[in-house]
There are 2 protein chains.
Amino acid sequence: MARADLARQTCTIARAVSLVGDEWTFMILREMFLGGRRFDDFQRQTGASAALLSQRLKKLEAEGVIRKEAYSERPVRFEYRMTAMGRELWPAVITLKQWGDKWLGDGPAPVEIVHKSCGHVTEPQMTCSECGEPMAAHDAEPRLSEPFDTERQAMRKNS
Amino acid sequence: MARADLARQTCTIARAVSLVGDEWTFMILREMFLGGRRFDDFQRQTGASAALLSQRLKKLEAEGVIRKEAYSERPVRFEYRMTAMGRELWPAVITLKQWGDKWLGDGPAPVEIVHKSCGHVTEPQMTCSECGEPMAAHDAEPRLSEPFDTERQAMRKNS
DNA sequence: AGGGTCACTTCAGTTTCTGAATTGACTAAC
DNA sequence: GTTAGTCAATTCAGAAACTGAAGTGACCCT
């Protein structure tokens, strides 16, 4: 199966991955959450080639994750900003940061997160929406909904 | 800059991304969190080609995210399991699932998460480790540590 | 007039990925 | 005791994606 076909699966993880689950898209998102808005920023801070960057920004814009806005007429110059949809990718990026800090870092974390409303440096964590306790993989049991379960069983059989 | 060079950056997001931030790696992780362990499961449920799968599993094993274990001698057969390092990628996968469910889904979510200890279907959320309140992008202010900040300023200047 | 900025586009060469076939060490069925 | 099947791969040619460098167009600044 080609990468692009992930978008047509029932699984919403597959769909999300086909939209934002690649190396350079994550780098662009990181940059935006650090305040980057311009093509140039992205190019310098992420190291992506201009061609790639242009292609990815177009895709993200087409899917509604970011939006392009002129910040100057004459000359016409654009910058990119996140939509509500894009902003909600923050947990995905932060989560990778935490993991990277813990398992791949070799000193203090290069970026700290300050929680504006309480003023503290924070290490955001996943908690259960129902009981409020922190959650990890072993606390979670996935339950497949019926139609999706059937789809997966089918894959198990044929071939 | 080539994708592989991301691993050599100071930024721990870049490092994490170079290790697990690609389409098929996410699909493998999804599959493992749904209980998949064997080469065959991965192939069928993710749709990745055998060559790719083999390469990715090797990389993840080499980096310590998963481990390979024989589940049968004669014939020697292997399965893959997560290490502690791998298990801690759960929030990253869940976070993408939540986002996909909300923005890319077209019905009820194909997978629900049950919080074992409280028994409820849950929608895990990011909360501040200090005050316990839910957090989103606008509540967070990134603060660059000194050496990293300097590194980024430098990038801003030279071309 | 000459140089610089910014957001790209173009393109040749390289790398990575896909799909299909094949391998090797077995087991299970006829 | 051949034949078929299972499983975890590997091999390979063709296709797709990415890189790095150069170029473009609409300006501005001196």
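First the proteins, then the strands, lettered A, B, ... as listed; each starts at 1.
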**Asked** Got a salt bridge between B:D106 and A:R15, using NZ or NE/NH1/NH2 to carboxylate O under 4.0 Å?
**Response** yes

**Prompt:** Given atom CG of B:L53 and atom C1' of C:dA20, what is their separation to the nearest angstrom?
**Reply:** 16 Å

**Message:** Tell me the interatomic distance from A:L6, atom CG, to D:dA16, atom P, rounded to whole angstroms.
**Reply:** 17 Å

**Nearest-Å distance for atom pair CD/P, residues B:E23 and D:dA17** = 10 Å

Can I get a per-line list of side-chain donor-acceptor pairs under 3.5 Å for residues 118-125 of chain A, giving both atom names and the distance, sequence neighbours left out?
from	atom 1	to	atom 2	distance (Å)
A:H120	ND1	A:C118	O	3.4
A:T122	OG1	B:S129	N	3.0
A:T122	OG1	B:S129	OG	3.2

**Prompt:** When the distance from CG of B:L52 to C1' of D:dG14 is rounded to whole Å, what number comes out?
**Reply:** 16 Å

**Request:** Calculate the interatomic distance between B:M1 atom CE and D:dA17 atom C1'; express it in whole Å.
**Result:** 17 Å

**Item:** Value in whole Å for how far the C1' atom of D:dA16 lies from CG of B:D22
**Value:** 16 Å

**Request:** Check the surroundings of atom CZ in A:R67: do more than 12 heavy atoms from other residues, nucleotides or ligands lie under 6.0 Å from it?
**Result:** yes

**Item:** Nucleotide-resolved protein contact map, nucleotides 3-16 of chain C, B/S/- at heavy-atom distance under 4.0 Å
**Value:** --BBSBBB-----S

**Item:** Check: A:T25 main-chain N/O paired with A:K59 side-chain donor or acceptor under 3.5 Å
**Value:** no

**Item:** Under 3.5 Å donor-acceptor, A:W99 side chain and B:M85 backbone
**Value:** yes

**Message:** Using a strict threshold of under 4.0 Å (side-chain N to carboxylate O), is an ion pair present between A:R152 and B:E31?
**Reply:** yes

**Message:** Please report the distance, rounded to the nearest Å, between CD in B:E69 and P in D:dC7.
**Reply:** 18 Å

